Amino acid sequence: MSNGPGAGIPAVSTAILAMSRHLEVRDVLKTIVASARELLDAEYAALGVPDDHGGFAQFVVDGVSAEQWKAIGPLPRQHGILAAMLHNATPERLADVREDPRFGGWPAAHPDMSDFLGLPVADGDEILGALFLANKRCPKTPPSRRDGCLFTEEDERLLGILAQHAAIALTNARLYERSRELTIAGERARLAHELHDAVSQKLFSLRLTAQAATALVDRDPARAKDELHQVAALAAEAADELRAAVVELRPAALDEDGLVATLRSQVQVLDRAHSARVTFTAQGIRALPNAQEEAMLRVAQEALHNALRHSGAGRVDVSLTRFGQGALLRIADDGCGFDTRVVRRAGRHLGLVSMRDRAGGVGGTLTVESEPGTGTTVEMEVPGG
Ligand SMILES: Nc1ncnc2c1ncn2[C@@H]1O[C@H](COP(=O)(O)OP(=O)(O)OP(=O)(O)O)[C@@H](O)[C@H]1O
Ligand SMILES: [Mg+2]
């Protein structure tokens with residue numbers, strides 16, 4: 001990892017986010033543990049959420065002072081009775097925890113405990129943690145004689161209700177985390193499509209135009225200069241597209257000029273930048289809903305890009321015609337064609353998948369007709385509005 005200035009910032013902000021989320025659940029768990037101790041009149045209460053390494057990811061206690069807690073030392077491990085509750089999901093109501101055969105001892109500073117009530121915190125079959133109490137308070141009995149003052153069945157029932165609340169809090173926290181992951185994954189996919197559809201195509205044209213300028217610079221400096229202006233314009237457009245992809249804006253040109261004018265000018269640019277003849281015609285087009293126009297533009301861009309990059313076509317014709325309430329977009333090339341069944345839907349090839357997604361996303365359909373040797377026709381139909 002780089003150690004430059006700011007290198008640690010993402011890590012720090014991730015940690016802070018994780019912590020604040022952690023705190024929220026922790027607050028709920030703390031309230032539950034404190035209520036349990038108070039309601040059941042116990043000296044000590046605790047709730048442990050296991051981690052995958054034999055320890056506890058969370059361990060919340062009530063009835064132990066901060067100094068005591070510090071003196072006890074590291075968090076407990078999953079052994080003895082705690083482990084039994086976590087592994088078997090069985091309640092444990094014991095008159096004296098120290099006399100249980102599973103009892104494995106305490107650290108020196110651990111408070112002395114005798115009577116014990118512990119319940120698993122479970123979501124269905126899954127054990128999320130354990131909630132437990134020790135030393136039921138007996139106002140009338142001196143602390144030296146604690147017999148006859150044990151946790152009751154009623155206590156067990158009450159603690160069961162609190163354990164259910166703890167299960168809900170923990171499950172919610174997990175669901176929250178999962179939904180956040182899904183949102184991030186969805187956002188990443190959208191950005192990948194957007195970058196692929198818009199920005200990478202602009203950069204490809206940019207490279208070609210720069211190559212053309214290089215080839216012309218000695219022979220025809222005036223035309224080279226024109227090409228270089230084109231390079232600058234394409235670079236500016238790529239920067240705009242990138243910005244739009246990041247903040248999820250529509251391509252600016254669509255708002256300013258509409259779909260027909262935008263397509264026409266993009267086709268003109270491609271016609272100049274490539275050796276193939278690229279044409280555009282439009283007929284009877286009415287304004288379409290924004291999302292449909294945007295999808296049309298993106299599909300046209302990808303189909304054009306594929307034709308110019310893969311087919312070796314001498315001609316690529318783009319047409320946009322009225323179709324019922326909606327419109328039909330067609331991109332036809334006379335290039336080498338390909339076997340549509342062979343192209344894998346996954347992996348590095350995003351273009352065809354992305355076109356299909358875009359069409360489907362606005363209630364439209366996409367068809368790709370191609371065979372080796374016959375050229376390729378991509379058609380997209382949208383319903384209008
Ligand atoms: N018009 C076309 N003519 C010839 N072959 C094509 C045409 N369009 C697509 N193909 C073939 O289909 C394949 C898949 O196209 P697709 O757009 O999904 O991916 P890609 O263009 O290879 O990569 P990406 O679009 O992700 O940058 C291409 O690699 C190419 O072999
Ligand atoms: Mg492609």
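Whatever order the structure lists them in is the order used to number ligands and atoms, beginning at 1. Worth saying up front: this structure is predicted, and the values here are computed from it rather than measured.
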Do side-chain atoms of [X] reach the backbone of [Y] as a donor and acceptor pair under 3.5 angstrom?
X    : Y    : value
T281 : S319 : no
Q292 : G384 : yes
N88  : T90  : no

_For atom 15 (O) of ligand 1, which of the options T377, L352, V368 provides the nearest non-hydrogen atom?_
L352
*Indicate whether any N or O donor in one side chain lies under 3.5 Å from an N or O acceptor in the other, for N290 and E294.*
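Side-chain D/A pair, N290 to E294: absent.
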For residues 69-80, please give each side-chain donor-acceptor pair under 3.5 Å, one per line with the distance, not counting sequence neighbours.
residue	atom	partner	partner atom	Å
R77	NH2	H53	O	2.7
Q78	NE2	D51	O	3.3
Q78	NE2	G55	O	2.6

_Taking 4.0 angstrom as the limit and counting only heavy atoms of T376, give me the atoms of ligand 1 inside it, by number and element._
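So the atoms of ligand 1 that pass are 1 (N), 2 (C), 3 (N).
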*Counting no waters, what protein N/O/S atoms lie under 2.8 Å from the Mg ion (ligand 2)?*
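The answer is E302 OE2, N306 OD1.
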*What pair of heavy atoms forms the shortest contact from A276 to D271, and how long is it?*
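Answer, listing the atom of A276 first, then D271: O-OD1, 3.5 Å.
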*Measure across M113 and A134 and return the closest heavy-atom pair with its distance rounded to 0.1 Å.*
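Heavy atoms only, the tightest pair is SD-CB, 3.5 Å.
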_Ion pair R315/D317, N-O distance below 4.0 Å_ = yes
*Do any nitrogen or oxygen atoms of G351 lie less than 3.5 angstrom from nitrogen or oxygen atoms of ligand 1?*
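Min N/O separation from ligand 1 is below 3.5 Å for G351.
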*Does an N or O anywhere in L350 fall below 3.5 Å from an N or O of ligand 1?*
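The answer is yes, given that L350 and ligand 1 share an N or O pair closer than 3.5 Å.
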_Going by the rule side chain to side chain contact (heavy atoms under 4.5 Å, CB included), which residues pair with S354 if we only count those two or more places apart in sequence or in a different chain?_
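Testing S354 for side chain to side chain contact (heavy atoms under 4.5 Å, CB included), a comparison that skips the adjacent residues, returns H193, D197, R358.
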Say whether [X] and ligand 1 are in contact under the criterion: heavy-atom distance to a ligand atom below 4.0 Å.
X    : result
M355 : no
H305 : no
A307 : yes

*Which pairs count as ring pair (Phe, Tyr, Trp, His ring centres under 6.0 Å) when at least one residue sits in residues 84-130, sequence neighbours excluded?*
F103-W106, W106-H110, F116-F132
*Taking non-hydrogen atoms only, is V353 closer than 4.0 angstrom to ligand 1 via side chain, backbone, both or neither?*
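Looking at V353 and ligand 1, no heavy atom falls under 4.0 Å.
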